[in-house]
Amino acid sequence: MPAMNILQELKQRFQATLTQLVDDPSAELEMIRPAQDARFGDYQANCAMPLGKKLGKPPRDVAQQIVEQLDLNDLCDNPEIAGPGFINLRLLDDWIQTQLQHSVSDERLGVTPTASPRTYIIDFSSPNVAKPMHVGHIRSTVIGDSLCRIFRFLGHQVISDNHLGDWGTQFGMIIYGYRNFALSEAYEQEPVQELGRVYRVVRGIMDHYDALDRQPVVAQRIAQLQTEVEQAERQAEEETEKAAKKKATKACKKLRGQLNEAVAEQKSLSQKIEKAADNPEFAERLAAHKTIRDDVLAETAKLHSGDPENLQLWKEFLPKCRDEIERVYNRLQVSFDEELGESFYHDRLKAVVDDLQAKGLATESEGATCVFLDGFEAPMIVRKKDGAFLYATTDLATLQYRVERWSPDAILYVVDFRQSDHFDKLFAAARRWGIENVELRHVEFGTVLGEDGKPFKTRAGDTVGLESLLDAAVERAAQVVNDNDDAKPQGAELSTAQRQEIADVVGHAAIKYADLSQNRASDYVYSEDKMVALRGNTATYLQYSYARVQSIFARGGIDIESLRQGNGTISIAHEKERALALQLLRFSEALTEVEVDYRPNHLTNYLYELATLFSGFFEACPVIKADTPELRDSRALLCDLVARTLKIGLSLLGIQVVEKM
RNA sequence: GCGCCCAUAGCUCAGCUGGAUAGAGCAACGGACUUCUAAUCCGUAGGUCGGAGGUUCGAAUCCUCCUGGGCGUACCA
């Protein structure tokens, strides 16, 4: 008998019965679900209530009718009808045992590959190669990578594509910086560091001039806001009607808030500018590069128009920049099938715009070439008035290329939700352009916020580099590993090298899990403490559970391989065993939940619950000292299934396990 | 102004397409290591699911309005 998804099996059993009551029972089938509360059994069917309404019968009668016609004898106890018409189902221990027994010898733990495989292109990570990666890049990278792994495991074809920013203004900055600030010796020895340094130098000067420009604007805004605040205050004062007064007071408060913000910005601008005055070297640079912003744009434009020298520099820098981000990907164990960056599409952009124009989709407006779309206030601009293309253009070209090359069923963009407007337009434009029969989906996620609750800004100056965060997590993990090993009852058992390796795995896992376990739609307040936490619902807890199982096998001298080969039988007796067994059988349900709406946190929730149930089992059900050899074998096999489910489950999140902790 | 999103325990968050008495972790308090790893477990306490209406047999979940916050909004990505 093949292993199966319990929910699917139940739905199949219900289908025959429900078809007799309604033409299309799919909605009713969806109302079969895991029980919310153990008192109601394992699963519940909630379809009798709406059916009662539809058929004009009392729901409990409908439930009774369904139950009488159901053939579940090999699967469940007699269904119970409760409350207004809930049908409560409790699986037979025998059936659970049989199912689990199958998982024992199944590499996929009873998860059958999908019957309808699709081709997915998953676009994620996509950093600017010239800038160091920071915490803001984690979400896309980690969520996208996990989705790739999960969809592959489910039997879909997945093409992961890193749409690198490798053709933008950053390269104009690096080229400019290289020409003006690079030290040849440093560049020869450590090119990436040196390019990073000159990038920051250029950035610093540009920021300074931006700040200088911004200062009068802010000053003017402050003046204006002050007047407005005074006006609003007067109005609030004079207003006699209650509701209007309240409204005026509120408007007043809002304006004050804006004023405070502007004042704060002014302060930060002056600080930035004063800092330059204190630094003679920087002041000298400022004086020598007064037109830096235009010059950088000019370098970028030259690159884009095929200037041989700039192109040559770009070709020289690009691999070095890519090596740099590759190092981070290696640490994160993330890889891509394709890394077709913006530059790959450069020579296709003109054709895209020409085609849009030829088809009457793009028109000139205020000098720019625009696609106007129903339901959108602003058009999608595909060519600026200076002739340059934009990311909308690149995204259209990319979409076209992907559809032509792979004929995917779906393209997922794992990108910050702030770009949702862009993707709405992109997808709308693509449809009008004739791209059909492909699911286009912005898998959006919340913004990474700073400690102040405001969006984490790269250019704020005090960016937290991604690598330093990883280092911090590993360091904290090392501390815990050391303490724990030292405190073991039988004495420490790990070498320094082992400890280091464990800390490495645990630390990186902590970062990834912190992100994956959160609903991706929520904003994410960046907190190092939270991200490197090693207690509660964390990867560490799951890894610990895995290591505990291995420890049982090691200490008990249990030959788990031989048990798997058929020398052991699972039998469910204890309540904790049953709860654990049932959870083990639900692995595929958890993966299906991820699949439905691209939410890896459903998998982390499942694994956390599994580990929690295992801990309960661990406390209550001794393995090595079980009463009988049969019980010992049965429990060992349960432990093994827990460990294997954790290992595979974590691997689908891009997280490793260790044998000892 | 217009559009999108969010509001759940002191804090950080789960809660799948509407289901029965809303759940975790952290923090607090009280217990459990001569017994397979205490990175653990058990227990206590903590809630007007922002507010008001509505739809429904049933609403944290769907609809409307209100309040508070975030983001986006014509040539950055």
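Keep in mind that what you see is a predicted model, and the values were worked out from it rather than measured. Labels below follow one simple rule: chain letters A, B, ... track the order of the sequence lines, proteins then strands, and each chain is numbered from 1. Hydrogens, waters and symmetry mates play no part in the numbers below; they use all other heavy atoms, side chains included.
Rounded to whole angstrom, the span from the CD1 atom of A/Ile552 across to the C1' atom of B/rU37 amounts to 9 Å. Distance CG (A/Asp386) to P (B/rA74): 17 Å, rounded to an integer number of Å. Taking atom CG of A/Asn519 as the reference point, atom C1' of B/rU12 lies 14 Å away to the nearest angstrom. One can place CZ of A/Arg520 at 15 Å from C1' of B/rA14, the figure rounded to the nearest angstrom. Taking atom CD of A/Gln518 as the reference point, atom C1' of B/rA14 lies 10 Å away to the nearest angstrom. Per the geometry, CZ belonging to A/Phe618 stands 13 Å off P belonging to B/rC42, to the nearest Å. B/rU37 atom P lies 15 Å from atom OH of A/Tyr546, rounded to whole Å. Taking atom CG on A/Asn537 and atom P on B/rA24, their separation rounds to 12 Å, with Å as the unit.
For the OP1/OP2 pair of B/rA77 and a distance below 4.0 Å, the side-chain nitrogens and oxygens of A/Tyr391 include no atom meeting the criterion. Taking 4.0 angstrom as the limit, A/Ser522 places a side-chain polar atom (N or O) nearer than this to OP1 or OP2 of B/rA14. OP1 or OP2 of B/rU37 has at least one side-chain nitrogen or oxygen of A/Arg555 nearer than 4.0 Å. Of the side-chain N and O atoms in A/Arg548, one or more sit less than 4.0 angstrom from OP1 or OP2 of B/rA38. Listed pair A/Arg599 / B/rC16 fails the phosphate criterion, with no side-chain N or O lying under 4.0 Å from OP1 or OP2. Look at A/Lys530 and you'll find a side-chain N or O under 4.0 angstrom from OP1 or OP2 of B/rC13. In this structure, A/Asn601 does not reach the B/rC16 phosphate: none of its side-chain N or O atoms is under 4.0 Å from OP1 or OP2. A sub-4.0 Å separation between OP1 or OP2 of B/rC41 and a side-chain N or O of A/Tyr541 is present.
Taking every heavy atom of both residues into account, A/Ala429 and A/Val371 meet most closely at CB-CG1, 4.5 Å.
At a threshold of 4.0 angstrom between heavy atoms, the contacts of A/Cys621 include nucleobase atoms, whether or not backbone atoms are also involved. A/Asp421 comes within 4.0 angstrom of sugar-phosphate atoms only, judged by non-hydrogen atoms across all strands, and of no base. Counting non-hydrogen atoms under 4.0 angstrom, A/Met31 reaches nothing in the nucleic acid. Residue A/Thr540 is classed as a base contact, given a heavy-atom separation below 4.0 Å to a base. Nucleic acid contact for A/Asn88: base, since at least one base atom lies under 4.0 Å from a heavy atom of the residue. Heavy atoms of A/Pro59 sit nowhere under 4.0 angstrom from any nucleic acid atom. Residue A/Cys639 is classed as having no contact, given no heavy-atom separation below 4.0 Å to the nucleic acid. Across all strands, A/Ile624 comes closer than 4.0 Å to base atoms (heavy-atom distances). Using a 4.0 Å heavy-atom cutoff across all strands shown, A/Gln543 reaches no nucleic acid atom at all. Among the heavy atoms of the strands lying under 4.0 Å from A/Phe372 is at least one base atom, whether or not backbone atoms are also near. Looking at heavy-atom distances under 4.0 Å, A/Phe553 makes no contact with the nucleic acid at all. As judged by a 4.0 angstrom heavy-atom cut-off over every strand, A/Val596 is placed among residues making no nucleic acid contact. Contact annotation for A/Ala388: no contact, since no heavy-atom pair falls under 4.0 Å across all strands. Among the heavy atoms of the strands, none lies under 4.0 Å from A/Ala487.
At a cut-off of 3.5 angstrom, counting only N and O atoms as typed in the model, there is no donor on one side facing an acceptor on the other between the side-chain of A/Glu377 and the base of B/rG72. Taking 3.5 Å as the limit, the base of B/rA77 and the side chain of A/Thr394 contain no donor-acceptor pair of atoms between them. Donor-acceptor pairing under 3.5 Å, judged by distance alone, is present between the side chain of A/Arg39 and the base of B/rU21.
Using modelled atom types, one finds a donor on one side chain and an acceptor on the other under 3.5 Å when comparing A/Asn537 with A/Tyr513. At a cut-off of 3.5 Å, with distance as the only test, no side-chain donor of A/Arg520 or A/Asn601 sits close to an acceptor on the other residue. For the residue pair A/Gln419/A/Glu444, the side-chain donor-acceptor check at 3.5 Å is not satisfied.
When each of A/Ala547 and A/Lys385 is assigned the nucleotide of RNA chain B bearing its nearest heavy atom, the one mapping closer to the 5' terminus is A/Ala547. If you find the closest nucleotide of RNA chain B to A/Gln36 and to A/Asn484, the one lying nearer the 5' end belongs to A/Gln36.
For B/rA52, the paired base is B/rU64 (Watson-Crick or G-U wobble, both distances below 3.5 Å). In this entry B/rC33 has no Watson-Crick or G-U wobble partner, no candidate having both defining distances under 3.5 Å.
Looking at A/Leu396 and A/Met380, their side chains come closer than 4.5 Å, going by heavy atoms from C-beta outward.
A/Tyr43 carries A/Arg586 over the face of its six-membered ring, with the cationic atom under 6.0 Å from the centre and within 45° of the normal. A/Arg548 forms a cation-pi arrangement with A/Phe618, by the criterion of a distance under 6.0 Å to the ring centre and an angle within 45° of the ring axis.
Annotated as syn: B/rC33, whose O4'-C1'-N torsion sits within 90° of 0.
Here A/Tyr608 does not count as stacked on B/rA24, because the ring centres are not under 5.5 angstrom apart with planes under 30°.
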